[in-house]
Amino acid sequence: MTPDDLVDAIKAAVAASLADGALAGTMPDEVMVERPRNPEHGDYATNVAMRLAKAAGRPPRDVAAIIAERLRQVDGIASVDVAGPGFINVSLAAASLGETARIVVRAGEAYGGNGNLVGETVNLEYVSANPTGPVHIAHARWAAVGDALSRLISASGAKVTREYYFNDAGSQIDRFAASLLAAARGEEPPADGYQGEYVADVAADVVQAHPGLLEAGADEALATFRHDGVELMFDRIKQTLHRFGVDFDVYFNERDLHASGAVDRAVERLRAAGHVFEADGAVWLRTTDFGDDKDRVIVRSNGQPTYFGADLAYYIDKRNRGADRVIILLGPDHHGYFGRMRGLVAGLGENPDDSLEIIIGQLVSLRGGRMSKRAGNLVTLDELMDVIGVDAGRYSLVRWAMDSPIDLDLDLWASRTQDNPVFYVQYAHARLSSLARNAAALGIERSADPDLGLLAHPRETALLGALAEFPRVVAGAAELRAPHRVARYLEELAGLYHRFYDACRVLPLADEPGASVTDARLWLCEATRIVLANGLGMLGVGAPDRM
RNA sequence: GCCCCCGUAGCUCAGCGGACAGAGCAGGCGCCUUCUAAGCGCUUGGUCGCAGGUUCGAUUCCUGCCGGGGGCACCA
């Protein structure tokens, strides 16, 4: 019996009690079961009686007693108790809980998925670092989180487009080109320019591809640096992210929006809707009509559009490509973007609550020193991977709630000890793989019809209960846009496995025949291995067979 | 001044309205002739920043303070 099956059984018990007049009221909108922290409270607990009590006009414990009586008749339920203020605590029969192992093994790689978002098309944009410098660790957080989120939302049945937006049309590109030219000439970068080794590297690559470039006129040289320099940065960024295991379905260039006239059309659409006015020689959007704290310029007095026009055109483009929901992950310095973008979308006549979701996460810092892109001594994603590797890099960035600033301790994440959470989880998987190899070497195979009711040791039932939770963890993490929940769950699961391993011998000792309990435990072990592998896979972290 | 995020054990953090608030680390004491000791067990440690409100029930939701971080461009 899965948690979802239990929910159905509880609903049926409530419905029957309502139908025959034992209870007054109506079915609650949502019936929840959760695993109690205290094992004495059974395998599952529900608060449904407390929710029903008011409408039923009876004390919660009385309501609970009525529902509990019906639940006791359900196959697979061993005992039902009413406890505390009105909780109904349910314990499953060992065989019913043990079936979880079979369910997991049969589903294999598909275990953990759900159909909650079937039919929905999501456009998920993240990283979108400007092509004026390498990917640094603040971007890396969105690479890790965004990629994990895309996997979780996919696992919930939605169609996801993973998208990267290159801001290759703004004034920062002019500064970048000027910085490249200065570097090529061996001069100091201009004020507000970019510095760092990569600037000289890229400049040298451009010069190598265009001999005589420095003898050309400054305008021509700048144009070349601008074009080729940006292309080279695109390549470097994609290469770094690919090494990190992060690839996108669409790399979108801002300049295409300008070149195609999409920006002008977007502005015209707003003008037609009556939200545009002119002042001080510039064109403004009245975003205050939609809750923004001040109106925004969309076309500067010099005729150049601001990034708002491009952002709006980009949003329209995503919607036209079929996205029901546009999700954008951004750093904390962009939180002002939220109100403006909502204003823009509302100006189109759409409800931003339905189609736009902007997720603001906090900073990543390293040994107290905050990353600053212009400072020149940035810590890049490549350097992070060099020091702690891809798996630890991804895991360390995805393990925290997005609202929490991260202070990465590189020494910890580079270590191969139990303090390092990624190694703790991966080690559990490696141990399980080793166990499977040893079983095979002994000629022991899982039978087709295990007696899973033998999995009755407290550490076995705790492990089974956690395995049964996995699909709900995945669904919840996807819904709440919180991949860290999967990481925390895996750490918990790894701990439960290590404790099981410590207490329950799986393989027979020498001269002992393989017993049916060995068979059942091999099913449990394989189920655990599958969940660890699937969970790590959703975070984009490897599940090694040996360590 | 306005806006966003945070405040939970010595440290780093988890807890989408429920039972005695949890984990890891750090400190203390134990467990390897048997499946990976990169592991496990026991143990010390809390006015969930403060004050109100909503609720049968608040660490969780709302308001106001206090403290910390980050934003408020015709830069992106």
Side-chain angles (χ1 to χ4, degrees), chain A residues 32 34 36-38 40-41 45 47 50-51 53-54 59-60 83-87 89 128 130 132 167 169-173 175 192 254 279-284 292-294 296-308 310-311 331-339 360-363 365 370 399-407 409 412 415-421 423-424 426-428 430-439 441-442 476 479-480 482 484-485 487-489 491-492 494-495 497-510 512 518 521 525 546-547:
Chain A
M32 288 175 50
E34 56 184 17
R37 188 158 285 282
N38 185 342
E40 289 173 12
H41 293 152
N47 64 356
M50 290 182 280
R51 296 205 173 279
K54 201 164 195 174
F87 289 101
N89 294 333
S128 295
N130 288 343
T132 52
N167 292 99
S171 61
Q172 80 281 0
I173 299 296
R175 293 202 305 274
D192 246 13
E254 180 187 354
D280 305 328
V283 180
W284 297 69
D292 199 0
D293 56 346
K294 61 177 80 164
R296 306 290 172 175
V297 170
I298 50 178
V299 181
R300 298 183 191 110
S301 49
N302 65 7
Q304 291 295 309
T306 65
Y307 61 95
F308 294 120
D311 284 343
D333 51 330
H334 284 76
H335 93 266
Y337 182 90
F338 182 77
I360 306 287
Q362 298 301 311
L363 290 171
S365 61
R370 197 144 298 129
R399 182 176 186 259
W400 280 278
M402 283 186 258
D403 283 339
S404 295
I406 297 178
D407 188 14
D409 179 345
L412 170 69
S415 72
R416 303 176 68 79
T417 72
Q418 58 182 330
D419 310 356
N420 183 342
F423 279 97
Y424 185 75
Q426 289 184 316
Y427 177 64
R431 251 188 170 180
L432 280 156
S433 297
S434 171
L435 193 62
R437 285 192 300 271
N438 293 339
L442 291 171
E479 185 187 339
L480 296 169
H484 77 278
R485 286 178 174 242
R488 302 296 177 144
Y489 164 81
E491 290 166 29
E492 178 69 27
Y497 170 68
H498 287 309
R499 271 164 246 146
F500 153 78
Y501 176 93
D502 198 57
C504 302
R505 176 84 202 182
V506 177
L507 298 177
L509 293 167
E512 253 183 36
T518 295
R521 285 176 176 169
C525 285
R546 287 190 168 81
M547 292 178 74

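Numbered from 1 within each chain, the chains take letters A, B, ... in sequence-line order.
Dashed line: the shortest gap from a side-chain N or O of A/S365 to OP1 or OP2 of B/rG69 is not under 4.0 Å. Considering only side-chain N and O atoms, A/Y337 lies nowhere under 4.0 angstrom from the phosphate OP1 or OP2 of B/rG70. Applying the 4.0 Å criterion to OP1 and OP2 of B/rA73, one finds that A/K294 has a side-chain N or O inside that range. For B/rA76, the OP1/OP2 oxygens have a side-chain nitrogen or oxygen of A/R300 closer than 4.0 Å.
Comparing B/rG39, B/rA14, B/rC5 by their closest approach to the side chain of A/H498 singles out B/rG39.
Residue-to-nucleotide proximity on RNA chain B shows that, of A/D403 and A/G170, the 5′-proximal contact is made by A/D403. The nearest heavy atom of RNA chain B to A/S434 and to A/E492 marks one nucleotide each, and the one closer to the 5' end goes with A/E492.
More than 90° away from 0 lies the glycosidic angle of B/rC5, which makes this nucleotide anti. With its glycosidic angle within 90° of 0, B/rC32 adopts the syn conformation.
No contact: A/F338 has no heavy atom under 4.0 Å from any strand. Here A/C525 lies out of heavy-atom contact (under 4.0 Å) with every strand. Residue A/R37 is classed as a sugar-phosphate contact, given heavy-atom separations below 4.0 Å to backbone atoms only. Counting non-hydrogen atoms under 4.0 angstrom, A/S171 reaches the backbone sugars and phosphates but no base. Nucleic acid contact for A/D280: base, since at least one base atom lies under 4.0 Å from a heavy atom of the residue.
Per the geometry, CG belonging to A/D333 stands 15 Å off P belonging to B/rC5, to the nearest Å. If you take CZ of A/R499 and P of B/rG24, they are 7 Å apart, rounded to a whole angstrom. Taking atom CD of residue A/Q426 and atom C1' of nucleotide B/rG39, one finds them 16 Å apart after rounding to whole Å. Counting to the nearest Å, the C1' atom of B/rC4 and the CG atom of A/L363 are 12 Å from each other. Per the geometry, CH2 belonging to A/W400 stands 13 Å off C1' belonging to B/rA23, to the nearest Å. To the nearest angstrom, C1' of B/rU12 lies 10 Å from CG of A/D409. Summarising the geometry, the separation between CZ on A/F423 and P on B/rG39 is reported as 11 Å, rounded to the nearest angstrom. Here B/rA37 presents its P atom at 11 Å from CG of A/L435, a figure rounded to the nearest Å.
Counting only Watson-Crick and G-U wobble pairs whose two distances sit under 3.5 Å, RNA chain B takes part in these stems of three or more pairs: B:1-7 with B:66-72, B:10-13 with B:22-25, B:27-31 with B:39-43, B:49-53 with B:61-65.
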query: In B/S/- notation, 5' to 3', how is nucleotides 15-20 of chain B contacted by protein heavy atoms closer than 4.0 Å?
result: SBSBBB
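Annotation: B/rC6 and B/rG15 have their C1' atoms spaced 15 Å apart (nearest Å). Atom name C1', nucleotides B/rG39 and B/rU12: the rounded distance is 22 Å, in whole Å. Here, B/rG24 and B/rA9 have their P atoms 16 Å apart, quoted to the whole Å. Spacing between B/rA51 and B/rU59 at atom C1', rounded to whole Å, works out to 16 Å.
The backbone N or O of A/R505 lies less than 3.5 Å from a partner atom in the side chain of A/R521, making a donor-acceptor pair.
Ring geometry for A/F500 versus A/Y497: interplanar angle of 30 to 60°, hence tilted.
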